[in-house]
Protein chains: 2
Amino acid sequence: MLIRLDPASATPLFDQLAGSIRASIISGRVAAGERLPAARDLATSLDVNVHTILRAYQELRDEGLIELRRGRGAIVASAPRDFGDLTAAIDSVVAEARASGVPPAALAALIREAYQ
Amino acid sequence: MLIRLDPASATPLFDQLAGSIRASIISGRVAAGERLPAARDLATSLDVNVHTILRAYQELRDEGLIELRRGRGAIVASAPRDFGDLTAAIDSVVAEARASGVPPAALAALIREAYQ
DNA sequence: GTATTGCGCTAGTTAAACTAGAACAATAGG
DNA sequence: CCTATTGTTCTAGTTTAACTAGCGCAATAC
């Protein structure tokens with residue numbers, strides 16, 4: 001699993017982390033039942049604190065994407081909902097936003113606005 | 001123009017502000033050429049610092065949505081791009097996300113991921 | 001039993017957001 | 001020309017979230 005972090009980014013590390021893993025799960029690049037790297041290991045390899053990793057994991061757990069158990073680790077949830085329509089919709093929105101010259105931050109704000 | 005701010009929210013005030021105004025512009029609730037309230041006035045009525053208002057305005061200016069001139073104020077840009085397709089795409093994404101039980105934060109992260 | 005792994009706690013540092021106040025420059029309008 | 005308005009720019013202080021660090025504890029696997 002490839003994870004790249006940008007310490008200079010405005011988006012928090014744990015959010016970048018969760019976002020990267022989330023994308024991998026929803027796109028199917030990591031299968032259900034598969035185990036994510038142990039927090040301590042990932043922290044070492046990414047040169048980041050363990051708590052930051054765990055916070056990202058907990059975010060994904062709250063979304064129901066993974067399960068966390070002591071001694072076992074982080075396991076991709078086995079309730080593989082169908083995200084096909086969602087990913088398609090996301091792709092078209094991003095394409096539309098790019099075409100309209102709407103920057104990522106603005107798009108995110110618009111989505112948030114529409115969600116309320 | 002109705003603007004509601006939630007000081008308890010995790011999203012910064014200036015972002016909430018920009019988001020609210022941005023939505024008003026793109027949806028057409030405020031017309032091109034129309035003038036937004038003066039920063040000092042808006043700051044008073046929202047009980048927020050002037051700099052916070054100005055920062056939101058500058059964000060919108062960077063997106064090309066408004067123009068800022070000293071002495072004149074903040075004016076909605078007269079380059080009325082067609083956001084019809086974008087808003088439609090946004091609506092369908094939000095509907096899809098709701099149906100799939102994807103929380104706002106997760107959706108935002110997915111969008112950000114897709115944008116890169 | 002032992003190593004692994006997530007959980008929980010305290011604590012310190014750093015950066016961003018927000019506030020506050022002031023002076024300044026461009027515009028509008030009498 | 002004069003004055004009020006409005007965004008721009010600067011300094012400065014406070015607060016809060018993110019991040020780091022280290023430790024012990026509890027559940028699981030082998």
Side-chain angles (χ1 to χ4, degrees), chain A residues 1 3-21 33-78 105 108-109 112, chain B residues 1 3-21 33-78 105 108-109 112:
Chain A
M1 175 143 60
I3 297 178
R4 271 175 305 173
L5 294 183
D6 176 17
S9 168
T11 62
L13 290 177
F14 74 90
D15 257 337
Q16 295 182 44
L17 204 48
S20 183
I21 299 174
E34 200 167 323
R35 184 180 147 187
L36 299 179
R40 283 174 177 83
D41 292 353
L42 195 52
T44 303
S45 70
L46 291 179
D47 197 29
V48 156
N49 195 275
V50 193
H51 296 94
T52 306
I53 305 288
L54 285 179
R55 182 159 178 190
Y57 278 3
Q58 283 154 11
E59 195 172 302
L60 296 173
R61 179 197 55 193
D62 292 345
E63 296 170 11
L65 289 177
I66 65 175
E67 286 180 8
L68 294 177
R69 296 281 171 81
R70 309 187 217 191
R72 266 205 295 183
I75 291 152
V76 177
S78 57
R112 213 183 314 126
Chain B
M1 173 144 61
I3 298 179
R4 271 175 305 174
L5 294 183
D6 176 17
S9 168
T11 63
L13 290 178
F14 74 90
D15 258 336
Q16 296 181 44
L17 205 48
S20 182
I21 299 174
E34 200 167 323
R35 184 181 146 184
L36 298 180
R40 284 173 176 84
D41 293 352
L42 195 53
T44 303
S45 71
L46 290 179
D47 197 30
V48 156
N49 195 275
V50 195
H51 297 92
T52 307
I53 307 287
L54 265 309
R55 181 158 180 192
Y57 278 3
Q58 283 156 9
E59 194 171 304
L60 296 173
R61 180 197 53 191
D62 292 346
E63 296 170 10
L65 289 178
I66 66 175
E67 287 181 6
L68 294 177
R69 295 280 171 82
R70 309 187 218 193
R72 268 202 295 181
I75 291 152
V76 176
S78 57
R112 213 183 315 124

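Throughout, protein chains are lettered first and strands after them, A, B, ... in sequence-line order, and every chain is numbered starting at 1. Because the structure is predicted, anything quoted here is derived from the model rather than measured.
Taking atom CD on A:Glu59 and atom C1' on D:dA18, their separation rounds to 13 Å, with Å as the unit. Atom pair B:Leu13:CG and C:dA16:P shows a separation of 17 Å (rounding to whole Å applied). One interatomic measurement links the two molecules: CD1 of B:Ile75 to P of C:dT27, which rounds to 11 Å at whole-angstrom precision. For the pair B:Leu17 CG and C:dT19 P, the interatomic distance rounds to 11 Å; values are reported in whole Å. Across the protein-nucleic acid pair, B:Leu46 atom CG and C:dA17 atom P stand 19 Å apart, rounded to whole Å. Across the protein-nucleic acid pair, A:Asn49 atom CG and C:dC9 atom C1' stand 14 Å apart, rounded to whole Å. We find that CG of A:Asp15 is positioned 14 Å from P of D:dA17, with the value rounded to whole Å. The separation between B:Arg55 atom CZ and C:dA20 atom P is 17 Å, rounded to whole Å.
Within the structure, side-chain hydrogen bond (donor to acceptor under 3.5 Å, both in side chains) contacts touching residues 36-54 of chain A (residues at least two apart or in different chains) are A:Asn49-A:His51.
Within the model, atoms CG of A:Leu13 and CG of A:Leu46 stand 9.5 Å from one another, a figure rounded to the nearest 0.5 Å. Interatomic distance, B:Leu36 CG to B:Leu65 CG, rounded to the nearest 0.5 Å: 10.0 Å.
A donor-acceptor pair is defined here as one N or O able to donate and one able to accept, closer than 3.5 Å; no such pair exists between the side chain of A:Glu59 and the backbone of A:Asp15.
Of the candidates A:Leu5, A:Leu42, A:Ile3, A:Val48 forms a side chain to side chain contact (heavy atoms under 4.5 Å, CB included) with just one, namely A:Leu5.
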Inset, instruction - Would you sort out whether A:Leu17 and A:Arg55 count as a side chain to side chain contact (heavy atoms under 4.5 Å, CB included), showing the intermediate values? - result: CA-CA 9 Å; A:Leu17 204 48; A:Arg55 182 159 178 190; over 6 Å; no
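Put simply, A:Thr52 has a side-chain N or O that comes within less than 4.0 Å of OP1 or OP2 on D:dT20.
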Heteroatom pairs (N/O) under 3.5 angstrom, protein to nucleotides 6-10 of chain D:
unit_1, atom_1, unit_2, atom_2, d
D:dT6, OP1, B:Arg35, NH2, 2.7
D:dT6, O2, B:Gly71, N, 3.0
D:dG7, OP2, B:Ala39, N, 3.0
D:dG7, N7, B:Arg40, NH1, 2.8
D:dG7, O6, B:Arg40, NH2, 2.9
D:dG7, N2, B:Arg70, NH1, 3.2
D:dT8, OP1, B:Arg61, NH1, 3.1
D:dT8, OP2, B:Gln58, NE2, 3.3
D:dC10, N4, B:His51, NE2, 3.1

